[in-house]
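Just so we're on the same page: letters track the sequence lines, and every chain starts at 1.
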There are 2 protein chains.
Amino acid sequence: MGKKISMAVIRRLPRYYRYLADLLRVDIKRISSKELSERMGITASQIRQDLNCFGGFGQQGYGYNVETLYKEIGKILGVERRFTTIIIGAGNMGNALANYENFRKRGFDLIGIFDINPNRVGQYINGIEILHMDKLEDFMKKNVVDIAILTVPSHIISEVAEKVADLGVKGIWNFSPQDLKLSHNVVIENVHLSDGLAVLGYRIKDLEQELA
Amino acid sequence: MGKKISMAVIRRLPRYYRYLADLLRVDIKRISSKELSERMGITASQIRQDLNCFGGFGQQGYGYNVETLYKEIGKILGVERRFTTIIIGAGNMGNALANYENFRKRGFDLIGIFDINPNRVGQYINGIEILHMDKLEDFMKKNVVDIAILTVPSHIISEVAEKVADLGVKGIWNFSPQDLKLSHNVVIENVHLSDGLAVLGYRIKDLEQELA
DNA sequence: TCATCTTTGTGATTTTTTTGTCAAGCTTTG
DNA sequence: CAAAGCTTGACAAAAAAATCACAAAGATGA
């Protein structure tokens, strides 16, 4: 019955969602796969095939209703459901993420921030008090935490990951350069910012050689 | 002659590079595609094929010399060449990136930080003074800047991008939620952190349904 | 209302990516 | 130094992803 949808498609959904939000903002009511393809720089065919994985949102001769499509993709991504998150590691990156307003709009509610540094504990970020890691277990017993955002140093990442997994998080967003792998039934997304930068470097070198 | 190497392969290189760095750190001298495949969770066949795109670094019956391979991949990625970078936008994310020590190790040297906020201008991050955007043009005429890291609000992103492109950057690392597209010969990597989070949300929902 | 246009959804086709297989060749060991 | 054991590189096969192409159906406009 449920034909599995490929990750390639899933990873494009947030991008569709962003473009649709842009259209909504400028009050465009309908859009054809052709026009969207021009804006996004992908083929119309791919757009139609992607969207069709989730059901026929379009209408022949008309295209897609922007608002409907936006809501549908939001539903697929879980914006409606909402997820609670905590940040562990209130360093520079943790701080930046805690201040990122967009997450809330996309369905993610930050409900706790933890650190081990006594200078940080007790401070507030974006209205949320930084708690000591000692309080983590207690906190997670009193609150449902869907996602742990880990911005801790590499050398403790797996220890912290194991801990939050044991305490019942459903997903981990890992910002440490160390890849994470757990046995638990926990979904993991590893970020690796510098990988993107490295690819940028490669592409620059490549372009230079091509032009030379 | 030069058969083009696919992006799929390129995007895996930084990951190989990280794993090799780990091996070096624990003083492992040689590694077979088989063992590396077990550590990385991909097939040995893929590793051999990936590495072979750039030349035969391995040796039958022995495997790959970790140090050699590490250096070779570093060369491919441009670590040897090094790139100069500036950060535009000294907000939370700009601040976090400016403090990220790993970039230097990976071949990227931060040489300037710019902002428009008078409270930020004059402050130092990681030993670098935040300059006012007014100084950007002058700075870029006196210094070769390879990469501009843009952590500015969406509504000014394309303006800033155009500017740095005109002033000669070769690459842009874009952290604004708005996709960038320029006509110039400038390489662009869009980051979109929240897309990753959205995918995490999807995968959690998906797993829950599967288990239900 | 009818004819023309537009645009979707879908199956077929092509391209790309990943995986499997094995001869060739180096390493290791006694 | 010969035999046994590994492991690569290359090619073939399979799988996955992207693109093409078109019938079907609604939209538009006279």
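- One finds a salt bridge joining B/Glu38 and B/Lys34 here, because a Lys/Arg side-chain nitrogen approaches an Asp/Glu carboxylate oxygen to under 4.0 Å.
- If you take CZ of A/Arg48 and P of D/dT19, they are 12 Å apart, rounded to a whole angstrom.
- For the pair A/Arg11 CZ and D/dA16 P, the interatomic distance rounds to 17 Å; values are reported in whole Å.
- Atom CD1 in A/Ile47 sits about 9 Å away from atom P in C/dT8, given to the nearest Å.
- Per the geometry, CG belonging to A/Asp50 stands 13 Å off C1' belonging to C/dG9, to the nearest Å.
- Among C/dT17, D/dA18, D/dC20, the nucleotide with an atom closest to any side-chain atom of B/Ser6 is C/dT17.
- Every residue two or more places apart in sequence or in another chain that forms a salt bridge (charged side-chain N to carboxylate O under 4.0 Å, His left out) with A/Lys75 is listed here: A/Glu72.
- A donor-acceptor pair is defined here as one N or O able to donate and one able to accept, closer than 3.5 Å; such a pair exists between the side chain of B/Asp115 and the backbone of B/Ala90.
- In this model, no side-chain donor or acceptor of A/Arg30 finds a partner on the base of D/dT28 within 3.5 Å.
- One atom, CD of B/Glu38, and another, C1' of D/dC6, lie 14 Å apart when rounded to the nearest Å.
- Considering only the side chain of A/Tyr64, C/dG9 comes nearest among C/dG9, D/dA27, C/dT27.
- An end-to-end axis angle of 30° holds for the helix from C/dT1-D/dA30 to C/dG30-D/dC1, taken from five base pairs per end and rounded to 10°.
- In terms of position on DNA chain C, the residue among B/Gln49 and A/Ser33 whose nearest nucleotide sits closer to the 5' end is A/Ser33.
- Nearest to the side chain of A/Gln59, among D/dA10, C/dT7, D/dG26, sits D/dG26.
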Point to revise | salt bridge (charged side-chain N to carboxylate O under 4.0 Å, His left out) assessment of B/Asp50 paired with B/Arg15 | key: CA-CA 12 Å; B/Asp50 282 354; B/Arg15 186 143 183 270; over 6 Å; no

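- Comparing C/dT8, C/dT19, D/dA10 by their closest approach to the side chain of B/Gln46 singles out C/dT19.
- Both A/Met7 and A/Ser45 lie near DNA chain D, and the one whose nearest nucleotide falls closer to the 5' end is A/Met7.
- You'll find the ring centres of B/Phe103 and B/Tyr100 inside the 6.0 Å limit.
- When distances are taken from the side chain of B/Gln60 to each of C/dT27, C/dT18, D/dT8, the shortest belongs to D/dT8.
- At a threshold of 4.0 angstrom between heavy atoms, the contacts of A/Thr43 are confined to the sugar-phosphate backbone, with no base atom among them.
- In this structure, A/Tyr62 atom OH and C/dT4 atom C1' are separated by 20 Å, rounded to whole Å.
- When rounded to the nearest whole Å, the span between CG of A/Asn52 and P of D/dA25 equals 15 Å.
- At most 12 heavy atoms of other shown residues, nucleotides or ligands fall within 6.0 angstrom of atom CD1 in B/Ile116.
- Separating the CG atom of B/Leu69 from the P atom of D/dT8 is a distance of 11 Å, rounded to the nearest angstrom.
- Classification of the A/Phe54-B/Tyr202 ring pair by plane angle, with boundaries at 30° and 60°, yields perpendicular.
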